[in-house]
Amino acid sequence: MFGLIGHLTSLEHAQSVAQELGYPEYADQGLDFWCSAPPQIVDHITVTSITGQKIEGRYVESCFLPEMLANRRIKAATRKILNAMAHAQKHGIDITALGGFSSIIFENFNLEQFGQVRNVTLEFKRFTTGNTHTAYIICRQVEEASKQLGIELSNATVAVCGATGDIGSAVTRWLDKKTDVQELLLIARNQERLQELQAELGRGKIMDLQEALLQADIVVWVASMPKGVEIDPTVLKQPCLLIDGGYPKNLGMKIQHPGVYVLNGGIVEHSLDIDWKIMKIVSMEVPGRQLFACFAESMLLEFEKLYTNFSWGRNQITVDKMEHIGQVSVKHGFKPLLV
C-alpha cells in the first residue's frame, strides 16, 4: 500500500474544507487548534495502471498549515510531519510520499535525528520526498511546452530560480546533460552553493532574479517567493514560458500578460481516472486525473514494489535516477501537464 502525506494551503483553506474532509468541528477553529490537531487518514485511493495493475493507497492529512512557519511555530510544524509519518507507518503503509512542505520541513529541520515518535520507531526507507519524479516532470514540461510555444531550446535561455535546492539542482543537471539548452541562468540565495553548482555543471551564469528575468525565454520557479518580490510581466520576453514549481501554485494569478504563459509545474496527468476525492479539495482542474508528481512517485514505487526512499536528502538526485523514475512513469500511464 502507498501513502501520501499532505496539507492544506492556508488556515482559511483548511477551515473551508474541514466539513468536506469529515471534520466539521475543525471548521471554526484557529491556528492554535490546528497546531494540536492529530494527523488523520481522510481518503482511501485506488489507482489503475495502463498495464492493468491496481494498487491501494491512503491520504494522510498532516494538519500542518503554512501559517505555522510564518508565525514561527516551528516545533508545531515539525511535530506535524513526524506524527503524520508515524501515523502512516502505524497503518501499515509500505511507501509514503512527503508532499508539499512536508519534505521541505523534514530536510530543513533535519528531522532524521528524531527517529522515535512515541512508541513508533520510524523506518525512513518507507518514505520518499517525491522530488526525483517532480524534477523529471518539470524537465519534460520545459521540453514539451517550449515546443508548443515555438521556443527552440538550442537558442533559448532558461533561468532556474531556486537552482541550488533539491529539485532545482536536479533540473539544471537534466537540462545540461539531456537537452541542447543554449544558456542556463542560476538563481538562489546561497552564493556558495551556486558556485559549487556552476563548477559541477561547468557552465551557467549566476545572476540575481531581476537581471535574469530580462534575459530568460523560460523561467523555472522552484523556490519560495521572497516577501516583497514581484515579477513585472511587462519586462519578460514574448513568448516567455514560466513554470511554477512551487506550492501553493500562485504565479498564474499574479502574472497575466499577453505572450507570458504560466504552467503549473510538477503536475502529472494519469491516463485513467483515479478513485479519490483529495485532488478536488486542492482544486486540481481535472481532479480525477491530475496530481502532484511527488505524490505520483509513491504510486510508481508501489506499482514497482520498490519500497525504498527513492528521493531522500538534499542534492542527491542524479540524471540516471530521473531517467529511471521517468521510464516507470510512462510505463504506468503518467504524463506531464501541458495545458
Side-chain angles (χ1 to χ4, degrees), residues 1-8 17 20-22 39-62 84-85 87-100 102-103 125-138 140-141 247 249 264-312 321-339:
M1 192 192 307
F2 70 90
L4 314 172
I5 290 175
H7 60 85
L8 300 164
V17 302
E20 209 170 335
L21 287 170
Q40 306 281 359
I41 290 175
V42 298
D43 208 359
H44 293 233
I45 308 162
T46 305
V47 189
T48 306
S49 165
I50 55 173
T51 65
Q53 186 181 352
K54 271 192 185 185
I55 56 172
E56 299 286 324
R58 303 287 182 268
Y59 179 86
V60 180
E61 173 52 52
S62 65
M85 292 170 74
H87 196 66
Q89 186 173 312
K90 209 160 55 176
H91 283 79
I93 298 172
D94 298 297
I95 185 69
T96 299
L98 300 174
S102 302
S103 61
K125 67 177 184 183
R126 288 174 175 253
F127 301 93
T128 188
T129 64
N131 287 353
T132 311
H133 192 227
T134 299
Y136 166 79
I137 290 297
I138 288 172
R140 297 297 297 132
Q141 288 177 308
Y247 179 78
K249 310 288 184 196
N264 283 342
I267 305 290
V268 289
E269 290 189 299
H270 192 43
S271 302
L272 303 168
D273 286 342
I274 298 173
D275 182 10
W276 61 358
K277 64 184 179 188
I278 197 64
M279 285 301 119
K280 184 176 162 201
I281 288 167
V282 295
S283 305
M284 286 288 172
E285 281 188 25
V286 186
R289 296 202 176 193
Q290 292 176 358
L291 63 151
F292 302 109
C294 58
F295 282 174
E297 182 168 296
S298 68
M299 298 173 183
L300 296 171
L301 297 176
E302 174 65 32
F303 275 130
E304 296 293 303
K305 299 292 179 272
L306 193 56
Y307 299 130
T308 178
N309 42 9
F310 192 86
S311 305
W312 204 247
K321 287 198 91 170
M322 290 170 73
E323 284 188 310
H324 180 184
I325 205 73
Q327 287 161 4
V328 174
S329 185
V330 172
K331 171 184 171 182
H332 292 289
F334 292 91
K335 58 188 177 185
L337 178 71
L338 291 174
V339 178

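Bear in mind that the values here come from a model prediction, so they are computed numbers and not experimental data. Keep in mind that the numbers below use all heavy atoms, side chains included, and drop hydrogens, waters and symmetry copies.
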Do any side-chain atoms of residues 327-339 form donor-acceptor pairs under 3.5 angstrom with protein atoms, and if so which ones, sequence neighbours left out?
{"residue": "S329", "atom": "OG", "partner": "H133", "partner atom": "NE2", "Å": "2.9"}
{"residue": "K331", "atom": "NZ", "partner": "E304", "partner atom": "OE2", "Å": "2.9"}
{"residue": "H332", "atom": "ND1", "partner": "S49", "partner atom": "OG", "Å": "2.8"}
{"residue": "H332", "atom": "NE2", "partner": "E304", "partner atom": "OE2", "Å": "2.7"}

Closest non-hydrogen atom pair, F310 against E297
CB-OE2, 3.9 Å

In the structure I gave you, are the side-chain heavy atoms of T96 and R58 within less than 4.5 Å of one another anywhere?
no

Which atoms form the tightest heavy-atom contact between C294 and A97, and what is the distance?
O-CB, 3.3 Å

Verify side chain to side chain donor-acceptor pair (under 3.5 Å) between Q40 and E61, making sure each step is shown before the conclusion.
CA-CA 5 Å; Q40 306 281 359; E61 173 52 52; over 6 Å; no

Side chains of V286 and M279, heavy atoms from C-beta outward: is any pair under 4.5 Å?
no

So, the side chain of T308 versus the backbone of K125: is there a donor-acceptor pair under 3.5 Å, distance only?
no

With side chains defined as the heavy atoms from C-beta onward, is the minimum distance between F303 and I55 less than 4.5 Å?
yes

With a 4.5 Å heavy-atom cut-off, do Y59 and I45 have their side chains touching?
yes

Nearest heavy-atom neighbours spanning L4 and S298
CD2-OG, 3.2 Å

side-chain contact (heavy atoms from CB on, under 4.5 Å), that's the test. Do N131 and S103 meet it? Break it down for me.
CA-CA 9 Å; N131 287 353; S103 61; 4.2 Å; yes

Assess the residue pair W312 and L98 against the criterion (side-chain contact (heavy atoms from CB on, under 4.5 Å)); give the C-alpha distance rounded to whole Å, side-chain angles, the decisive distance to 0.1 Å, and a yes or no.
CA-CA 10 Å; W312 204 247; L98 300 174; 4.2 Å; yes

Within a radius of less than 6.0 Å around CD of E285, do more than 12 heavy atoms belonging to other residues, nucleotides or ligands occur?
no

Check: D43 side chain, W276 main-chain N or O, donor-acceptor pair, under 3.5 Å:
no

With rounding to the nearest 0.5 angstrom, report the CD to OG1 distance, E323 to T132.
12.5 Å

Just so I know, are the side chains of E20 and I281 near enough to count as touching, which here means a heavy-atom distance under 4.5 Å?
yes

Pairwise side-chain contact, T48 with Q53, heavy-atom cut-off 4.5 Å (strictly under):
no

Spell out, as yes or no, whether a donor-acceptor pair under 3.5 Å connects the side chain of S102 to the backbone of G6.
no

Looking only at heavy atoms, the pair that brings G3 and I93 closest together is N-CG2, 3.2 Å

Between F2 and D94, is any pair of side-chain heavy atoms under 4.5 Å apart?
no

Nearest atoms (heavy-atom pairs only) where I138 meets G266:
CG1-N, 3.5 Å

For the residue pair I267 and L291, establish whether any side-chain heavy-atom pair is separated by less than 4.5 Å.
no

Verify, without hydrogens or angle tests, whether S311 (side chain) and T129 (backbone) share a donor-acceptor contact under 3.5 angstrom.
no

What verdict does the side chain to side chain donor-acceptor pair (under 3.5 Å) test give for Y307 and E302, after you've listed the backbone C-alpha separation in whole Å, the side-chain angles of each residue and the deciding distance to 0.1 Å?
CA-CA 7 Å; Y307 299 130; E302 174 65 32; 3.1 Å; yes

Does this structure show an ion pair linking D273 with R289, if we count only N-O contacts that are shorter than 4.0 Å?
yes

